[in-house]
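Keep in mind it's a predicted model, so treat the numbers as computed, not measured.
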Amino acid sequence: WKAPFTYAFYETRLVRRSNWLSRNMGGVPYGKNMNYLEHLLLPSEEHARALQQSNTSSKKEEEKLKAEGKLFAKDEGLALEDREKEWAEYWFDAVSERGEKI
C-alpha cells in the first residue's frame, strides 16, 4: 500500500533544486528527464486506512508539533535516549532514461 508523505512537498523541492544546482554549478545534472516522487509504503490496507484518518497537511502538522512542544528550533532536537527509540527506513528506486533499474 502506498500513501502520500506529509513532507514530500518540501523534500521534492529540495531534490529538484539540488538537481538544478548540480547542472548549473557542476554541469552534471541528475538527468534531463529526472522525475522525483516520494511516498510511504504501508504493510496493509488497515495501516493505510488508519493513516488516512490521522493524516493532515504539513501546516497542521507544524501547528500540532508546536502545541505539543515538539517543534524544535535550529540546532535543537530529541534527546539521545528518545532518538534511540525511533527508526526510519528509506528505499531508493531509480530507473535510467534507457529504462534500466538502478
Side-chain angles (χ1 to χ4, degrees):
W1 291 86
K2 291 183 183 179
F5 181 59
T6 304
Y7 298 105
F9 172 79
Y10 300 109
E11 292 179 7
T12 298
R13 292 173 185 272
L14 292 170
V15 170
R16 291 185 176 152
R17 173 134 171 95
S18 67
N19 180 46
W20 178 83
L21 288 170
S22 181
R23 184 193 73 210
N24 285 347
M25 298 178 80
V28 185
Y30 299 152
K32 65 182 182 179
N33 295 324
M34 192 271 292
N35 186 18
Y36 177 80
L37 299 171
E38 187 171 5
H39 56 266
L40 296 171
L41 294 177
L42 302 164
S44 68
E45 182 178 2
E46 180 183 343
H47 286 87
R49 293 199 185 282
L51 178 68
Q52 184 180 25
Q53 297 297 320
S54 68
N55 209 359
T56 182
S57 70
S58 55
K59 185 64 177 168
K60 286 182 183 177
E61 179 72 9
E62 180 181 332
E63 291 168 358
K64 178 180 168 255
L65 291 171
K66 192 180 288 187
E68 294 172 353
K70 295 180 180 177
L71 185 64
F72 301 110
K74 184 180 176 187
D75 298 325
E76 292 181 355
L78 291 173
L80 180 59
E81 55 273 5
D82 292 330
R83 287 194 313 256
E84 289 174 345
K85 297 174 191 171
E86 302 293 329
W87 66 272
E89 182 175 13
Y90 294 91
W91 293 10
F92 177 79
D93 186 28
V95 179
S96 74
E97 292 178 9
R98 294 186 299 266
E100 300 166 326
K101 209 165 185 184
I102 299 173

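- Under a cut-off of 6.0 angstrom, the local environment of CZ in Arg13 is sparse, with at most 12 non-hydrogen atoms contributed by other residues, nucleotides or ligands.
- Annotation: side chain of Lys2 is not in contact with side chain of Leu40 (no heavy-atom distance under 4.5 Å).
- Enclosure of atom NE2 in His39 by more than 12 non-hydrogen atoms of other residues, nucleotides or ligands within 6.0 angstrom is indicated.
- Nearest heavy atom pair, residue Ala48 against residue Leu42, reads CA-CD1, 3.5 Å.
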Test Phe72 against Leu78 for side-chain contact (heavy atoms from CB on, under 4.5 Å), laying out the working first.
CA-CA 8 Å; Phe72 301 110; Leu78 291 173; 3.8 Å; yes
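- Once rounded to the nearest 0.5 Å, the distance linking NZ of Lys64 with CG of Leu71 reads 11.5 Å.
- Salt bridge status for Glu45 with Arg49: present, with a side-chain N to carboxylate O gap under 4.0 Å.
- For Glu76, the CD atom sits in a packed shell: over 12 heavy atoms of surrounding residues, nucleotides or ligands are nearer than 6.0 Å.
- Taking CG of Leu14 as the start and CD of Glu11 as the end, the distance is 7.0 Å to the nearest 0.5 Å.
- Rounded to the nearest 0.5 angstrom, Arg17 CZ and Thr12 OG1 are separated by 15.5 Å.
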